[in-house]
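Here the structure is a predicted model, which is why all the values come from computation and not from measurement. Values below: every heavy atom of this structure, side chains too, minus hydrogens, waters and symmetry copies.
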Amino acid sequence: MTAMVKAEGVHKSFGATQVLKGIDLEVAPREVFCLIGPSGSGKSTFLRCINHLEKINAGRLYVDGDLVGYRQSGNKLYELKDREVAAKRRDIGMVFQRFNLFPHMTAVENVMEAPVQVKRETKAVARERALKLLDRVGLADKAGNYPSQLSGGQQQRVAIARALAMEPKLMLFDEPTSALDPELVGDVLDVMRGLAEDGMTMVVVTHEMGFAREVGDSIVFMDNGVVVESGHPREVLTNPQHERTRSFLSKVL
């Protein structure tokens, strides 16, 4: 079975600062893969490399068997044109810390926008799916509301529906609950739990250790640009093998 995400020796630098120092990992189809670690450890940068929002400096990164951002001919890599990258990116949904909804559009219009503009779907078809997706994230009654009329948790759930509207095969979540008030976190995590139950492949950068333990199939602890420890969430979180992992978890659990 082809891995949904495969990283081989992935390096990424910003100027003289090395952020990723040789990441090797695999995410299987239908897996919920959690990335944890301190701020600045490279988690979000790695996530952004998966859909080529950041270009890697060395190594190989594959999504569903295809090289991300490049094609290989012989031993040489050739960067894909922006149009080709955009076409591949359609298969990857991404949910950010900040919701980035269009403020001048209602919830249903936000969810419809990409299928209409990118996939050239008719508005009727896109609207029907958008309403189903809003229902799926528990916001059927908010379809006509603008982002300013929604709580942060509701906006994040609209953002998840918007990512799902492109029918991705992979969903990336970059600390999707970190900007939310604590009482709004549960609703967003419930939606993510539902996606996991439906078999969506997910890579989740998170500080929500309870979610990682309950829903995650694999967990990776990153620090300083390297994978320090990986395994099943329950094992890593309850019995970490590495001193650095133990130190981190003692502060967050």
Test of understanding: clusters of I, L, V, M, F, W, Y form through side-chain heavy atoms closer than 4.5 Å, transitively. Do [X] and [Y] belong to the same one?
X: Val205; Y: Val191; answer: no
X: Leu25; Y: Val32; answer: no
X: Leu195; Y: Val204; answer: yes
X: Val10; Y: Met94; answer: yes

> Under the side chain to side chain contact (heavy atoms under 4.5 Å, CB included) criterion, do Val68 and Lys88 qualify, and how do the steps go?
Replying inline: CA-CA 8 Å; Val68 173; Lys88 297 257 178 158; over 6 Å; no
What I'd like to find out is whether the side chain of [X] reaches to under 4.5 Å of the side chain of [Y], using heavy atoms alone.
X: Pro176; Y: Arg157; answer: no
X: Phe46; Y: Leu61; answer: yes
X: Ile219; Y: Leu237; answer: yes
X: Glu167; Y: Lys119; answer: yes
X: Thr206; Y: Glu175; answer: no
X: Arg136; Y: Asp198; answer: yes
X: Cys34; Y: Val220; answer: no
X: Val108; Y: Leu131; answer: yes

Would the number of heavy atoms belonging to other residues, nucleotides or ligands and lying under 6.0 Å from [atom1] of [X] be above 12?
X: Glu79; atom1: CD; result: yes
X: Arg98; atom1: CZ; result: no
X: Lys55; atom1: NZ; result: no

> Which pairs pass salt bridge (Lys or Arg N to Asp or Glu O under 4.0 Å) with one or both residues in residues 30-47, sequence neighbours excluded?
Replying inline: none
> Do any pairs count as a salt bridge (Lys or Arg N to Asp or Glu O under 4.0 Å) and have a residue in residues 206-218, sequence neighbours left out, and if so which ones?
Replying inline: Arg193-Glu214
Side chain to side chain contact (heavy atoms under 4.5 Å, CB included) with [X]: which residues, sequence neighbours excluded?
X: Asn224; value: Lys21
X: Lys142; value: Leu139, Asn145, Leu150, Gln154
X: Pro168; value: Met171, Met200
X: Ala161; value: Val111, Leu133, Leu134, Val137

When rounded to the nearest 0.5 angstrom, what distance separates [atom1] in [X] from [atom2] in [Y]?
X: Lys6; Y: Asp24; atom1: NZ; atom2: CG; answer: 9.5 Å
X: Met222; Y: Ser230; atom1: CE; atom2: OG; answer: 11.5 Å
X: Leu184; Y: Gln155; atom1: CG; atom2: CD; answer: 10.5 Å
X: Arg48; Y: Ile56; atom1: CZ; atom2: CD1; answer: 15.0 Å
X: Met112; Y: Glu128; atom1: CE; atom2: CD; answer: 11.5 Å
X: Ser13; Y: Asn57; atom1: OG; atom2: CG; answer: 5.0 Å

> Salt bridge check: are Glu84 and Arg71 linked by an N-O gap of less than 4.0 Å?
Replying inline: no
>> Checking Thr45 against Glu54: is there a side-chain donor and acceptor pair closer than 3.5 Å?
In response: no
> Just by distance, with hydrogens left out, do Asp174 and Ser44 show a side-chain donor and acceptor under 3.5 Å apart?
Replying inline: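 On atom types as modelled, these side chains qualify, holding a pair under 3.5 Å.
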>> Under the criterion side chain to side chain contact (heavy atoms under 4.5 Å, CB included), I'd like the reasoning laid out for Leu249 against Ile36: C-alpha separation, chi angles, the key distance, then a yes or no.
In response: CA-CA 10 Å; Leu249 290 174; Ile36 62 168; 4.2 Å; yes
Is it the case that the side chain of [X] and the backbone of [Y] share a donor-acceptor pair, with hydrogens and angles ignored and the cut-off at 3.5 Å?
X: Gln149; Y: Tyr146; result: yes
X: Thr238; Y: Arg234; result: yes
X: Arg89; Y: His52; result: yes
X: Asn110; Y: Met105; result: yes

>> As a test of understanding, state which of Val27, Ile50, Thr201 forms a side chain to side chain contact (heavy atoms under 4.5 Å, CB included) with Val63.
In response: Ile50
> Of all residues at least two apart in sequence or in a different chain, which pass the side chain to side chain donor-acceptor pair (under 3.5 Å) check with Arg127?
Replying inline: none
>> Test of understanding: with side chain to side chain donor-acceptor pair (under 3.5 Å), list the residues that count as partners of Glu197, not counting sequence neighbours.
In response: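 Side chain to side chain donor-acceptor pair (under 3.5 Å) check on Glu197 returns nothing, list empty.
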Looking only at heavy atoms, what is the nearest atom pair of [X] and [Y], with distance?
X: Ile23; Y: Gly225; answer: CD1-O, 3.5 Å
X: His242; Y: Glu229; answer: N-OE1, 2.8 Å
X: Leu20; Y: Cys49; answer: CD1-SG, 4.1 Å
X: His232; Y: Gly216; answer: NE2-O, 4.4 Å
X: Ala165; Y: Arg129; answer: O-NH1, 3.1 Å
X: Met202; Y: Ala196; answer: SD-N, 3.8 Å

>> Please give the remaining members of the hydrophobic cluster of Tyr62, linking ILVMFWY side chains under 4.5 Å, ordered by chain and number.
In response: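 Under the 4.5 Å side-chain rule, Tyr62 groups with Leu67, Tyr70, Leu77.
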>> Using the rule given for side chain to side chain contact (heavy atoms under 4.5 Å, CB included), can you reason through Leu170 versus Leu172, listing the C-alpha separation, both sets of side-chain angles and the distance that settles it, and then say yes or no?
In response: CA-CA 7 Å; Leu170 170 65; Leu172 309 177; 4.0 Å; yes
> How far apart are the C-alpha atoms of Leu47 and Val203, what are their side-chain angles, what is the distance that settles it, and do they pass the side chain to side chain contact (heavy atoms under 4.5 Å, CB included) test?
Replying inline: CA-CA 8 Å; Leu47 205 67; Val203 182; 3.6 Å; yes
> How would you list all residue pairs meeting ring-ring contact (aromatic ring centres under 6.0 Å, His included) that involve residues 11-37, not counting sequence neighbours?
Replying inline: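 Of all non-adjacent pairs touching residues 11-37, none passes ring-ring contact (aromatic ring centres under 6.0 Å, His included).
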>> According to ring-ring contact (aromatic ring centres under 6.0 Å, His included), does anything in residues 173-229 pair up with another residue at least two apart or in another chain? List the pairs.
In response: Phe221-Phe248
>> salt bridge (Lys or Arg N to Asp or Glu O under 4.0 Å) for Glu113 and Arg162? Distances and angles first, verdict last.
In response: CA-CA 8 Å; Glu113 179 70 1; Arg162 180 180 59 180; over 6 Å; no
>> Can you list everything that forms a salt bridge (charged side-chain N to carboxylate O under 4.0 Å, His left out) with Asp82? Sequence neighbours excluded, please.
In response: none
